[in-house]
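Quick one: the structure is below, questions incoming.
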Number of protein chains: 2
Amino acid sequence: METTRQAARQRSAAEGRRRELLEAADRVVLRDGPGASMNAIAAEAGITKPILYRHFGDKGGLYRALAKRHTDALLSALRAALDAPADRRARVESTLDTYLAAIEARPQVYRFLMHPSDDAAPSPEQGFDVGRHSAPLLRRLGEELATVIAERVDLGPDSEAMARIWGHGIVGMMHAAGDWWLGERPCSREQLVRSLADLLWGRLAEAGDRADGPGF
Amino acid sequence: METTRQAARQRSAAEGRRRELLEAADRVVLRDGPGASMNAIAAEAGITKPILYRHFGDKGGLYRALAKRHTDALLSALRAALDAPADRRARVESTLDTYLAAIEARPQVYRFLMHPSDDAAPSPEQGFDVGRHSAPLLRRLGEELATVIAERVDLGPDSEAMARIWGHGIVGMMHAAGDWWLGERPCSREQLVRSLADLLWGRLAEAGDRADGPGF
DNA sequence: AGACTGTTGTTACCGCAAGTAACGAAGCGT
DNA sequence: ACGCTTCGTTACTTGCGGTAACAACAGTCT
């Protein structure tokens with residue numbers, strides 16, 4: 001029978017094929033945006049639709065695979081910044097800058113990752129499963145940051161819960177500010193990084209009321 | 001001819017109709033999620049598709065109109081919390097709590113607002129228009145908060161730019177934390193509010209390193 | 001060699017949703 | 001009674017996700 005070697009060869013071949021397909025899909029998504037059709041992707045890969053479906057199940061599968069690639073890449077870059085041997089403020093600034101540089105360099109990729117097409121399961125699920133789809137990247141980043149915070153920062157009791165809240169909150173802050181900044185480019189990256197770090201460093205609490213503000 | 005009175009009556013009638021249609025659409029979207037079809041919405045309103053298209057142009061138009069309603073409602077609630085005559089920390093906490101209570105009470109609405117179906121204009125626009133569609137609510141919230149910060153908090157020079165950065169950043173923090181919290185319910189709303197406010201109050205800067213953290 | 005099996009690929013189709021004519025039937029001013 | 005606009009319909013086109021059903025090739029067992 002000789003199944004094992006055979007199977008191994010075929011599996012590795014299949015994986016190589018999968019990578020080719022993913023790279024083709026990548027090109028198309030980068031060119032046409034997240035609305036790229038399966039037909040277009042198949043054409044770019046030089047094949048036809050059913051093959052894509054054999055490899056990835058459905059469109060969500062393909063997009064998940066694609067997202068995982070980019071998410072992994074971005075995450076490893078961020079981990080490097082997070083784990084650097086520097087003081088906390090420097091690490092925060094460098095992580096923010098790494099993220100912003102990444103989305104600045106490849107906005108199409110970023111857009112695809114952040115706004116994946118919603119499958120919108122029409123099943124009559126009663127409970128609220130809000131955000132199950134939507135943005136797995138943000139969730140992963142949030143959890144990642146939460147563990148880093150939990151293992152590095154002393155937050156007293158309830159450290160676990162607090163770290164997760166902060167992880168997701170900080171990631172959301174970075175994401176929203178980055179999204180807005182990328183759209184309007186109202187300032188330099190350096191200024192954005194410094195302002196966000198200042199925010200996290202408590203300047204909101206320290207700042208005084210405006211003298212000419214609404215008097216009360 | 002008697003155009004003016006006639007025109008006025010018809011316009012107001014059209015607006016009333018529009019409101020009915022929007023309410024029907026609301027019911028359907030709340031029931032079926034953001035993937036609701038135009039046919040379903042029309043059926044709920046007791047009419048057929050083309051009328052919807054006459055009123056709203058395309059699906060994006062309907063969804064935009066729907067989103068505007070809810071966004072306006074949420075925004076006015078938040079404005080009340082932001083403008084309350086209390087000290088800054090209390091205002092921040094009450095605003096966070098208002099937002100979280102809103103998304104907790106009507107997760108389907110929230111989900112629709114945050115993850116609207118992407119139109120994905122296939123036009124070959126060169127530049128990156130990331131985030132133009134996607135989440136107008138977040139942008140509006142960010143700008144709103146930015147103006148409140150700018151007119152109330154003294155941030156020294158560059159106050160304008162900094163306030164906008166903080167506005168979008170804080171809104172993003174609130175949003176991401178809320179999204180995650182709504183999905184996993186890892187803690188009470190009160191704890192979430194307090195932890196986020198603590199984060200904004202500089203506890204990240206104040207906290208010490210963990211004694212048992214990775215030694216470096 | 002020749003039948004057997006599995007992978008790779010195709011064409012042709014189904015279902016469904018967005019969006020669009022083209023046409024019918026009211027109200028209302030002249 | 002005749003137009004004119006508005007509200008409404010049915011019936012269609014287009015395009016996409018997804019799926020049979022079938023064709024061809026490689027290696028495998030007897």
Side-chain angles (χ1 to χ4, degrees), chain A residues 1-21 24-25 28-29 32-66 116-123 133, chain B residues 1-22 24-25 28-29 31-66 116-123 133:
Chain A
M1 237 203 274
E2 187 50 292
T3 60
T4 78
R5 213 176 322 195
Q6 172 78 3
R9 247 207 358 231
Q10 286 189 346
R11 194 166 50 243
S12 80
E15 283 174 14
R17 199 91 186 82
R18 190 185 165 93
R19 289 188 57 161
E20 287 176 26
L21 298 184
V28 174
V29 166
D32 299 351
S37 82
M38 294 297 265
N39 263 325
I41 295 174
E44 169 73 27
I47 52 161
T48 48
K49 264 195 303 181
I51 307 182
L52 284 181
Y53 283 94
R54 280 224 260 271
H55 274 271
F56 301 102
D58 63 351
K59 189 170 188 172
L62 203 177
Y63 276 32
R64 250 174 281 127
L66 214 57
S117 77
D118 39 352
D119 41 23
S123 62
H133 63 168
Chain B
M1 238 206 272
E2 188 51 296
T3 59
T4 76
R5 214 174 323 193
Q6 173 77 4
R9 249 211 350 234
Q10 286 189 347
R11 194 165 50 244
S12 80
E15 282 175 13
R17 199 92 187 85
R18 190 186 167 91
R19 289 187 58 164
E20 288 176 26
L21 297 185
L22 277 178
V28 174
V29 166
R31 170 159 38 84
D32 298 352
S37 82
M38 294 297 265
N39 263 325
I41 295 173
E44 170 74 25
I47 51 162
T48 48
K49 260 194 306 180
I51 307 182
L52 283 180
Y53 283 96
R54 282 224 261 269
H55 275 272
F56 301 103
D58 63 350
K59 190 169 187 170
L62 203 177
Y63 276 33
R64 250 175 280 125
L66 214 59
S117 76
D118 38 352
D119 41 20
S123 62
H133 63 166

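Here the structure is a predicted model, which means the values were calculated and not measured.
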Next item on the list: Using atom CG of A:Leu62 as one end and atom C1' of D:dG18 as the other, report the distance to the nearest whole Å.
Entry: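 Rounded to whole Å, this separation is 14 Å.
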Next item on the list: Please determine if a side-chain N or O atom of B:Arg54 lies less than 4.0 Å away from the OP1 or OP2 oxygen of D:dT5.
Entry: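 Result: no.
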Item checked: Atom-pair distance (NZ on B:Lys49; P on C:dA22), nearest Å ->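 Distance check: B:Lys49 NZ to C:dA22 P gives 17 Å.
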Notebook entry, point to check: Of B:Ile41, B:Leu52, B:Leu66, which meets side chain to side chain contact (heavy atoms under 4.5 Å, CB included) against B:Leu21?
Noted result: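 Option passing the side chain to side chain contact (heavy atoms under 4.5 Å, CB included) with B:Leu21: B:Leu52.
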Note to self: Within a 6.0 Å radius of atom CZ on A:Arg19, are there more than 12 heavy atoms belonging to other residues, nucleotides or ligands?
What the structure shows: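 It does not: A:Arg19 CZ has 12 such atoms or fewer within range.
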Next item on the list: Round to a whole Å and report the spacing from OH of B:Tyr63 to C1' of C:dA17.
Entry: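 Taking atom C1' of C:dA17 as the reference, OH of B:Tyr63 is at 11 Å.
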Check: Is B:Thr48 touching bases, backbone alone, or none of the nucleic acid, heavy atoms closer than 4.0 Å?
Finding: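 B:Thr48: base contact, heavy atoms under 4.0 Å.
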Item checked: Atom-to-atom span, CD1 of B:Ile51 to P of C:dT20 - whole angstrom ->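 For the pair B:Ile51 CD1 and C:dT20 P, the rounded distance is 15 Å.
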Item checked: Separation of atom NZ in B:Lys59 from atom P in C:dA17, rounded to whole Å ->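 So the NZ-P distance, B:Lys59 to C:dA17, works out to 9 Å.
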Check: Hey, does A:Phe56 have a side-chain heavy atom less than 4.5 Å from the side chain of A:Arg64?
Finding: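 No - every pair of side-chain heavy atoms lies 4.5 Å or more apart.
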Check: When the distance from OH of A:Tyr53 to P of D:dC16 is rounded to whole Å, what number comes out?
Finding: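 It works out to 11 Å between those atoms.
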Notebook entry, point to check: How close or far is atom P of D:dG15 from atom CG of A:Asn39, stated in whole angstroms?
Noted result: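 Rounding to the nearest Å, CG of A:Asn39 and P of D:dG15 are 11 Å apart.
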Margin query: For B:Pro50 and A:Gly57, find the nucleotide of DNA chain D closest to each by heavy atoms; which residue's nucleotide sits nearer the 5' end?
Written below: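 That would be B:Pro50.
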Note to self: Would you say that A:Leu62 contacts A:Met38 through its side chain, given a criterion of any heavy-atom pair below 4.5 Å between the two side chains?
What the structure shows: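 SC-SC contact between A:Leu62 and A:Met38 confirmed.
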Checklist line | Nucleotide D:dG17, atom C1' - distance to CD1 of A:Ile41 in whole Å | finding: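 Distance, rounded to whole Å: 12 Å.
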